[in-house]
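To start, the structure itself, in structure tokens.
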2 protein chains.
Amino acid sequence: MAKTFEYSMKIPFDMSDVNGFIKIPQLILLSLQVSGMQSIELGMSDMYILENYNLVWIITDYNMKIDRLPVFDEKITIETYAMSHNRLFCYRAFNIKDEAGNTIIEMVATFVLMDRDTRKVHPVMPEITEAFDSEFSKTMLRGPRFKELEGGVEQEYLVRFYDLDMNGHVNNSKYLDWVFEVMGADFLTHHVPKKVHLKYVKEVLAGGAITSQYEQEGLTTLHQITSDGHINAQAEIEWEEVKEKGWTYGN
Amino acid sequence: MAKTFEYSMKIPFDMSDVNGFIKIPQLILLSLQVSGMQSIELGMSDMYILENYNLVWIITDYNMKIDRLPVFDEKITIETYAMSHNRLFCYRAFNIKDEAGNTIIEMVATFVLMDRDTRKVHPVMPEITEAFDSEFSKTMLRGPRFKELEGGVEQEYLVRFYDLDMNGHVNNSKYLDWVFEVMGADFLTHHVPKKVHLKYVKEVLAGGAITSQYEQEGLTTLHQITSDGHINAQAEIEWEEVKEKGWTYGN
């Protein structure tokens with residue numbers, strides 16, 4: 001069994017959206033910070049891996065199932081563990097639980113190690129997988145097959161200085177930010193996601209702009225992020241209408 | 001003496017900029033979360049104040065003195081306490097300390113209470129100031145007098161859904177984000193702020209766009225955020241050149 005790490009917190013005001021739900025890009029950032037805490041605890045911090053191997057973690061895939069979104073002032077627990085790995089890919093589970101212990105969000109993120117200078121993917125080393133008690137499994141977790149979008153609605157976004165991490169890469173959580181933002185405030189005020197699948201294809205470079213584009217079919221949206229004629233990320237989201245604002249929950 | 005609250009953490013990878021320094025808007029968000037933790041601990045949470053008084057805190061002013069910025073993987077302690085208050089304004093100190101206990105950043109933020117519906121400022125109540133052991137003082141802390149900019153460099157930014165907090169207001173940390181972003185990646189890669197003074201003038205409304213504008217004189221920049229012909233925020237920043245990247249610190 002893989003080692004589990006837990007972190008509990010109340011959802012602060014500045015992490016809550018206009019409906020009183022947690023902002024999803026913030027939830028992802030937070031989850032990544034919790035897995036970072038586990039790495040520090042197990043002696044496998046980002047700093048250790050950078051200094052000893054010149055490698056950094058990147059995320060290639062998110063798969064979220066959302067039963068309901070945590071609301072302002074709600075106490076949640078983020079549980080995370082290394083589910084399994086194969087030669088290149090490490091699968092990490094995140095379970096967001098409410099105070100009664102019910103899992104309200106399940107997320108699986110796929111991590112790979114990348115050389116900081118060559119930017120090439122590097123096989124995962126036993127020293128790392130053993131520290132997390134991650135299980136080896138040949139099984140590859142694959143998301144949906146994404147098709148290239150032909151039309152739809154689009155919006156351009158500038159890549160900002162603070163979108164970049166220490167390696168000059170666009171921070172992972174930004175892709176999802178662009179995917180959500182293009183839907184517009186009115187749609188986001190009246191809809192919440194039930195399922196989100198995001199696949200990272202190619203790094204967005206610093207200094208330029210990206211286009212976030214989507215096609216909608218009922219309550220499903222297909223997304224792509226492009227720049228300089230390349231696809232950088234693709235996503236599929238299933239939505240449902242907001243029936244109850246977050247701040248009325250439990251009242 | 002006001003009650004002091006402390007929170008310690010290591011700066012994670014995703015909070016570090018391309019120089020290996022903490023991202024300043026994230027440092028502010030983090031500091032506000034720490035003051036939020038103190039409020040919860042003292043029974044004066046945002047939720048309590050909202051439910052009992054229909055009031056929310058807004059910040060009208062930030063004043064930062066930066067000796068040096070924390071770097072990736074550095075352990076810092078954020079110390080905060082309610083410095084003093086008068087009829088309307090509450091002054092809160094944040095001191096960011098390194099592991100040896102030296103204060104490397106001092107920040108004072110001015111808070112006021114606002115009615116959630118009328119959006120009018122509300123006098124601060126003894127129940128609140130007493131919980132924090134805040135001292136009454138007639139002294140008003142005033143920042144520099146800002147002049148209206150006449151020219152300079154400008155850039156438009158869309159107000160995004162996730163820029164808004166639960167009240168539909170633009171989150172405080174966004175103003176500073178726009179002030180920094182307009183300087184461009186090249187400038188921000190080669191300069192760090194030594195002093196930052198930001199004054200909030202008028203709420204930015206959801207759904208529109210803002211213009212972030214600056215004039216530069218040597219290593220001082222004057223900033224303003226405008227929308228619909230109004231000034232929303234003004235700032236003054238003193239910069240210095242980056243002599244040493246964050247990740248070389250201590251090596």
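Below, chain A is the first sequence line, B the second, and so on; all start at residue 1.
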Heavy-atom cut-off 4.5 Å, strictly under: side chain, backbone, both or neither for A/Ile24 against chain B? both

Who in residues 174-186 of chain B is close to chain A, using a strict under-4.5 Å heavy-atom cut-off? B/Lys174, B/Asp177, B/Trp178, B/Phe180, B/Glu181, B/Ala185

Atom group of A/Met15 that falls short of 4.5 Å from chain B, counting heavy atoms: side chain

Greatest number of non-hydrogen atom pairs under 4.5 angstrom with chain A, of B/Asp46, B/Val159, B/Leu32, falls to B/Asp46

For the CG atom of B/Leu164 and the OG atom of A/Ser16, what is their distance to the nearest 0.5 Å? 12.5 Å

Which atoms form the tightest heavy-atom contact between B/Tyr162 and A/Lys23, and what is the distance? O-NZ, 2.9 Å

Residue set satisfying salt bridge (charged side-chain N to carboxylate O under 4.0 Å, His left out) with A/Lys199, at least two apart, ordered chain then number -> none

Other residues, nucleotides and ligands only: do more than 12 of their heavy atoms fall within 6.0 Å of CG on B/Asn52? yes

Side chains of A/Leu158 and B/Gln155 in contact at under 4.5 Å (non-hydrogen atoms): yes

Interatomic spacing from CE in B/Met166 to CD1 in A/Ile22 - rounded to 0.5 Å: 13.0 Å

Please check if atom NZ in B/Lys3 has more than 12 non-hydrogen atoms from other residues, nucleotides or ligands closer than 6.0 Å. yes

Kindly give the heavy-atom pair with the smallest separation between B/Ile40 and A/Lys10, and that separation in Å. CD1-CD, 4.3 Å

Can you find a pair of side-chain heavy atoms, one from B/Arg160 and one from A/Tyr157, that are under 4.5 Å apart? yes

For A/Thr189, is it the side chain, the backbone, both or neither that has a heavy atom under 4.5 Å from a heavy atom of chain B? both

With a 6.0 Å cut-off (strictly less than), is the heavy-atom count around CG of A/Asp228, excluding the residue itself, greater than 12? no

Shortest non-hydrogen separation from B/Val18 to A/Asp165 and the atoms involved: CG1-O, 3.4 Å

Under a 4.5 Å cutoff for heavy-atom pairs, which residue among A/Pro25, A/Gly36, A/Gly168 has the most contacts with chain B? A/Pro25

